[in-house]
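What follows is a short report on a single structure.
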Amino acid sequence: MKSVLVYQPVKQFGKQLLALLDENEDVRRIVFVSAFAALRSVLRLRDIVLFHKEEGASVKIILGIDLGGTSKETLEEVMSWGCDSYVFHNPNPRSTFHPKLYLVEKKKDVTLFIGSNNLTDGGFYTNYEVASKYRFNLPEELSDLTKFVSPVEDLLDPKEGDLVKKLTAALINVLSERGDLPTEVEARRRKRDARRTSKSEGPLPPNPFTSRAPPSPPLLPKKLRDFDVPGIQAPPEPQLTAPMPVVARVSGALVWRKVLPATDALQVKPGSKHVGGVRLTQAKFEGTHVGLIDQTRYFRQLFSDYKWEQETGRKRASDQEHTFVPMRLTIRGQDYGVHNFEIGHKPSGEAGQDNYTTILRWGRQLTPLIQDLNIEGATLSLYEGDEEGDFLIDIDDVV
């Protein structure tokens with residue numbers, strides 16, 4: 001038996017698990033045990049797991065529902081796979097189902113992960129997590145494997161009882177009626193509300209920690225995005241009011257930065273047309289752990305939690321889509337409040353020529369302001385996870 005530690009986000013757990021499930025491998029048994037599971041993360045595993053199931057592999061999935069950590073849509077998706085799936089739950093509020101185990105058995109070896117990684121985007125890609133990875137060679141180490149997993153055999157091969165129920169539509173309906181299963185929309189709303197809730201009524205002291213952007217999860221294949229439940233719709237656009245001085249400097253993680261050219265700043269010659277927004281290009285920006293970003297995918301991943309819809313109308317490409325993202329805007333030390341910025345994305349716009357595929361549009365309300373302030377040559381910094389909202393745009397002449 002060989003064992004190593006897997007430390008995320010230095011090495012993303014989800015990528016290691018997907019590599020084990022390669023279609024060219026002879027996979028015979030798959031077991032996932034996770035306290036919490038998220039729909040988007042489950043969808044990323046869907047095709048490869050079903051491929052091996054159709055090839056004859058045994059697939060068992062055991063999920064927890066405590067603390068609202070798994071949504072109704074997630075359980076419905078897993079149930080649709082037709083695998084041997086269960087829900088583990090102890091109604092006692094002092095006892096939370098919290099294990100995470102992932103087993104992949106092939107013809108010549110068995111790999112077992114035991115650690116802190118939930119079957120969520122955080123657990124698989126962005127959180128700080130540690131897991132032990134054990135590998136047993138077959139058949140010579142079969143007895144060692146049997147002894148090693150014997151304490152958790154009830155998790156790897158569950159039987160229905162007081163705490164374990166087969167995953168069925170009837171069970172999902174009962175849990176949903178009881179309020180034990182949030183919808184995806186409710187789960188995301190809770191997460192955002194928790195981020196926005198002030199920790200105290202008075203002003204907070206500066207955060208002693210510095211926010212750092214984690215590596216992004218892989219983007220869902222386009223054919224599976226329709227299965228994902230949309231994020232929360234942005235609220236109606238607030239009226240533009242007189243700017244307020246910025247009381248505190250940004251505290252979120254820097255996720256992109258660019259010096260604004262004339263066209264992005266809406267400063268063009270009379271008779272010429274501006275692009276109407278900021279082109280989200282590479283701008284030589286390096287993301288955490290990934291080096292220079294791939295601008296053709298980076299921003300679609302960054303805003304993947306929001307509701308994306310196809311843009312229709314004259315001269316719209318078939319792959320053109322857009323969403324609205326609430327962001328706070330500060331310019332040269334003045335706070336202009338939160339606005340719902342439209343983000344447009346067109347993969348075909350790249351066409352192998354390093355053109356931009358994503359744009360942040362200023363919109364009718366902000367366009368006159370941006371033109372009057374003349375921010376050409378200023379630096380736009382985009383922060384995620386600012387204490388006052390999901391994103392912050394800070395524009396200043398000096399970084």
inquiry  = Run F124 and Y102 through ring pair (Phe, Tyr, Trp, His ring centres under 6.0 Å) and show every step you take.
reply    = CA-CA 12 Å; F124 270 42; Y102 304 90; 5.6 Å; yes
Any ion pair linking [Y] and [X] (charged N to carboxylate O, less than 4.0 Å)?
{"X": "R328", "Y": "D394", "result": "no"}
{"X": "K53", "Y": "E55", "result": "no"}
{"X": "D154", "Y": "K159", "result": "no"}
{"X": "D397", "Y": "R332", "result": "yes"}
{"X": "D26", "Y": "K108", "result": "no"}
{"X": "K165", "Y": "E160", "result": "no"}
{"X": "D109", "Y": "R135", "result": "yes"}
{"X": "K72", "Y": "E186", "result": "no"}

**Request:** Begin with the C-alpha distance, continue with both residues' side-chain angles, and end with the deciding distance and a verdict on side chain to side chain contact (heavy atoms under 4.5 Å, CB included) for T183 and E73.
**Result:** CA-CA 6 Å; T183 65; E73 291 88 350; 3.6 Å; yes
Centroid separation F341 to F391 less than 6.0 Å: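 Ring centres of F391 and F341 not closer than 6.0 Å.
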Practice prompt. Taking the six-membered ring for Trp and the single ring otherwise, decide whether the centroids of F13 and F113 are under 6.0 Å apart.
Written response: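 F13 vs F113: aromatic centres under 6.0 Å.
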Note to self: I need the I359 CD1 to H345 NE2 distance, nearest 0.5 Å.
What the structure shows: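 Going from the CD1 atom of I359 to the NE2 atom of H345 covers 13.0 Å.
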Let me confirm one number: the NZ-OG1 distance from K346 to T357, rounded to the nearest 0.5 Å.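 Spacing of NZ (K346) from OG1 (T357) equals 10.0 Å.
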task = Output, in order, the C-alpha distance, side-chain angles, deciding distance and verdict of salt bridge (Lys or Arg N to Asp or Glu O under 4.0 Å) for R28 and E105.
result = CA-CA 6 Å; R28 301 188 171 185; E105 179 179 334; over 6 Å; no
Apart from V4 itself, what residues make up its hydrophobic cluster, given side-chain heavy atom links below 4.5 Å?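 Other cluster members: none.
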Original post:
Are I62 and V164 joined in one hydrophobic group, where the rule is that I, L, V, M, F, W and Y side chains link up if heavy atoms are under 4.5 Å apart?
Top reply: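 Yes, same cluster.
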- Message: Can you give me the closest heavy-atom contact between P158 and Y86, atom names plus distance?
- Response: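 Of all heavy-atom pairs spanning P158 and Y86, the closest is CG-CD1, 3.5 Å.
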### Smallest separation among heavy atoms of Y306 and W308, with atom names
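Minimum heavy-atom contact is O-CD1, 3.0 Å.
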Problem set entry | Polar contact flag, side-chain donor to acceptor under 3.5 angstrom, R257-S381 |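 R257 vs S381: donor-acceptor pair found between side chains.
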* Give me the one residue out of Y383, F303, F299 that meets ring-ring contact (aromatic ring centres under 6.0 Å, His included) with W256. =>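 Result for ring-ring contact (aromatic ring centres under 6.0 Å, His included) with W256: F299.
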